[in-house]
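One structure is given here, and the rest of the page talks about it.
Just so it is clear, the model here is predicted, and its values are computed rather than measured. Any value given below was found using the heavy atoms of this structure, including those in side chains, with hydrogens, waters and symmetry copies removed.
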Amino acid sequence: MIEYRTLRIALLGGGTVGSQVARLLLENGDELSSRVGARIELAGIAVRDLDKPRDASLPRELFTTDAEQLILGADIVVELMGGISPARELILKALNSGADVVTGNKQLLATHGTELFDLAGQVGAQLYYEAAVGGAIPIIRPLRDSLAGDRVTRILGIVNGTTNYVLDRMDVDGDELGEALAVATELGYAEADPTADIGGYDAAAKAALLASLAFHTDVPLEAVYREGIEDITKEQVDLARDMGYAVKLLAICERIAVPETGEAAVSARVYPALVPRRHPLAAVHGAHNAVFVQAEAAGDLMFYGAGAGGIQTASAVLGDVVSAARRHVAGGPGVAESTHAELPVLPVSAAVTRYHVTLHVADQPGVLAEIARLFAENGASIETVVQSSAAPGTAGGETPTATLVIGTHAALEASLAATVEALRASAAVTSIAHVLRIEGA
Ligand SMILES: NC(=O)C1=CN([C@@H]2O[C@H](COP(=O)(O)OP(=O)(O)OC[C@H]3O[C@@H](n4cnc5c(N)ncnc54)[C@H](O)[C@@H]3O)[C@@H](O)[C@H]2O)C=CC1
Ligand SMILES: N[C@@H](CC=O)C(=O)O
Ligand code: NA
């Protein structure tokens with residue numbers, strides 16, 4: 001019988017993910033201990049409410065409301081509470097006490113990551129966060145370790161399970177946004193406040209983490225351009241399907257050139273976009289996530305799998321627990337985050353995108369020429385135009401109206417945005433129904 005030393009795990013949070021981590025640690029602890037070469041012991045689970053009904057397989061004596069006390073003497077602290085406070089203070093305390101920390105808290109890392117990584121570096125501890133992006137999908141380690149010798153040029157991903165689930169239900173089942181979100185919340189995909197998902201804040205936090213890792217640059221959350229899916233309607237999703245597209249909330253992180261100087265810079269942005277049905281991202285259904293990574297030497301890589309869900313995310317957390325435990329056994333300092341490149345992060349206006357604009361115009365001679373002039377004048381070039389006319393009195397009152405669906409060639413976002421402003425101000429345009437970007441075409 002091998003005598004192992006014991007590593008104590010303090011689990012902060014016993015919700016959707018935390019309860020699964022606890023269950024798997026108890027069920028598979030012996031096997032994980034053998035893999036690590038040390039006995040992994042779940043010392044306790046800090047929760048807010050001791051009286052809440054819990055998984056009956058979790059011994060009641062493990063639960064406590066005293067997270068600070070639980071951290072004392074722990075070798076590895078697993079933070080799955082979410083939110084900024086008290087998660088931040090507890091992680092700082094854990095690192096200061098010499099523990100390694102595992103977290104799935106992208107919101108905290110994207111806002112206070114520098115402070116936490118700096119402290120980890122100072123005290124020689126390690127902060128693991130595979131669960132923070134893409135749920136079960138290994139994406140943090142591949143970017144930090146496997147691709148550390150390459151130069152990443154672009155990341156295009158679906159990184160929020162809730163919004164992908166909602167958009168998919170709107171597309172496939174004809175649900176309204178609200179009803180699909182209620183189911184996603186029930187299934188444990190959504191954040192404690194689902195506005196974080198629907199508003200694109202969760203995806204923006206993940207984009208900040210991905211861009212920082214990929215470009216060896218500290219990319220603050222405020223530098224990530226963000227639009228959510230709150231204004232996406234079933235009508236838009238239906239129209240997109242008719243035109244051969246799926247609507248997806250995308251996170252895009254790119255190495256781009258400063259328009260004036262050509263120097264290397266970073267663009268990080270999150271928005272709903274039209275993705276051609278033939279593109280693999282259009283086939284990502286439910287709460288699954290997919291992340292495309294392009295690197296100079298490796299070429300195209302794709303990471304795909306469950307982006308949310310308790311047990312799926314627990315897989316990533318436990319992988320980090322095993323890594324932390326192995327580090328404790330082997331000794332030595334943690335690996336520091338590399339931010340040496342210090343590339344500037346540019347506003348969305350410097351990105352190159354494509355627009356898809358649906359507008360209503362008066363069906364009169366010269367209108368199409370006027371619209372084409374506004375595009376050309378603002379440096380945007382039209383690739384496709386589809387026109388449909390409505391009889392007087394059926395759509396736009398007594399004046400005959402036409403609907404124009406215009407797809408552009410790739411252009412600077414600034415030019416495309418200026419074009420839409422010019423269209424809004426034009427007397428030839430009755431109204432602009434939708435503006436969405438096209439990605440992956
Ligand atoms: N649910 C998912 O699919 C995924 C969640 N995550 C992240 O994992 C973390 C946890 O998520 P969920 O398990 O879904 O959340 P949850 O809301 O289901 O669970 C949070 C747990 O933390 C406890 N807690 C919160 N504040 C506390 C406090 N002040 N003191 C003591 N206990 C406190 C709650 O009692 C609850 O047990 C979040 O950071 C989330 O963003 C990451 C990937 C996927
Ligand atoms: N709310 C998040 C959970 C995982 O990070 C999501 O829906 O992706
Ligand atoms: Na992950």
Side-chain angles (χ1 to χ4, degrees), residues 35-36 100-103 106 109-110 113-114 116-118 120-122 124-159 205-220 223-224 250-258 262-269 280-281 289-305 307 315-317 319-346 351:
R35 289 181 198 172
V36 166
D100 279 347
V101 171
V102 176
T103 180
K106 52 269 165 161
L109 292 176
T114 309
L116 300 176
F117 288 118
D118 282 356
Q122 281 162 29
Q126 180 89 42
L127 187 51
Y128 298 84
Y129 57 104
E130 186 55 79
V133 185
I137 307 171
I139 184 66
I140 298 298
R141 265 192 203 75
L143 282 173
R144 190 178 56 195
D145 301 334
S146 320
L147 290 165
D150 206 336
R151 176 180 279 170
V152 175
T153 50
R154 189 165 200 252
I155 296 176
L156 175 68
I158 293 171
V159 294
K206 291 165 175 170
L209 299 180
L210 291 175
S212 298
L213 273 178
F215 306 122
H216 304 275
T217 288
D218 183 13
V219 176
V224 180
L250 299 180
I252 304 168
C253 309
E254 285 178 318
R255 179 182 285 270
I256 61 172
V258 178
E263 279 168 36
V266 168
S267 168
R269 49 196 202 271
L281 283 182
N289 285 186
V291 186
F292 281 98
V293 179
Q294 292 176 329
E296 280 183 0
D300 294 351
L301 304 164
M302 181 171 168
F303 301 84
Y304 170 82
S315 164
V317 173
D320 281 350
V321 168
V322 167
S323 295
R326 284 182 173 147
R327 203 184 78 76
H328 269 268
V329 171
V335 181
E337 297 292 297
S338 119
T339 54
H340 68 92
E342 295 180 356
L343 300 177
V345 188
L346 301 187

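- In plain terms, the two heavy atoms of Ala264 and Arg255 that are nearest each other are CB-NH1, 4.2 Å.
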- List the steps and the verdict of side-chain contact (heavy atoms from CB on, under 4.5 Å) for Ile155 and Leu143. CA-CA 10 Å; Ile155 296 176; Leu143 282 173; 4.1 Å; yes

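- Scanning both residues, Tyr304 and Ala290, for their nearest heavy atoms gives CD1-CB, 4.0 Å.
- Distance alone, capped at 3.5 Å, is enough to place a donor-acceptor pair between the Glu130 side chain and the Ile140 backbone.
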Listing, residues 205-215 side-chain donor-acceptor contacts under 3.5 Å, not counting sequence neighbours, or none:
{"unit_1": "Lys206", "atom_1": "NZ", "unit_2": "Val159", "atom_2": "O", "d": "2.8"}
{"unit_1": "Lys206", "atom_1": "NZ", "unit_2": "Asp202", "atom_2": "OD2", "d": "2.6"}
{"unit_1": "Ser212", "atom_1": "OG", "unit_2": "Ala208", "atom_2": "O", "d": "2.7"}
{"unit_1": "Ser212", "atom_1": "OG", "unit_2": "Thr217", "atom_2": "O", "d": "3.4"}
{"unit_1": "Ser212", "atom_1": "OG", "unit_2": "Val219", "atom_2": "N", "d": "3.0"}

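- Ser338 places no side-chain N or O within 3.5 Å of a backbone atom of His216 that could act as its donor or acceptor partner.
- Closest approach of Ala223 and Val345 over heavy atoms only: CB-CG1, 3.7 Å.
- Looking at Arg141 and Asp320, a side-chain N of the basic residue comes within less than 4.0 Å of a carboxylate O on the acidic one, giving a salt bridge.
- Val321 places none of its side-chain heavy atoms less than 4.5 Å from the side chain of Val36.
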- Query: When you look at Glu337 and Leu127, which way does the side-chain contact (heavy atoms from CB on, under 4.5 Å) test go after all the steps?
  - Reply: CA-CA 10 Å; Glu337 297 292 297; Leu127 187 51; over 6 Å; no

- Message: Ile252 vs Arg154, test: side-chain contact (heavy atoms from CB on, under 4.5 Å). Steps then yes/no.
- Response: CA-CA 7 Å; Ile252 304 168; Arg154 189 165 200 252; 4.1 Å; yes

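- Between Ala257 and Leu346, the shortest heavy-atom distance links the atoms O-CD1, 4.2 Å.
- Here the side chain of Asp150 pairs a donor or acceptor atom with the backbone of Ala298 at under 3.5 angstrom.
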- Residue pair Glu296, Thr153: steps toward the side-chain contact (heavy atoms from CB on, under 4.5 Å) verdict: CA-CA 7 Å; Glu296 280 183 0; Thr153 50; 3.8 Å; yes

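- In terms of modelled atom types and a separation under 3.5 Å, the side chain of Gln126 and the main chain of Val335 share a donor-acceptor contact.
- Looking at every heavy atom in both residues, Leu343 comes nearest to Ala265 through CB-CA, 4.3 Å.
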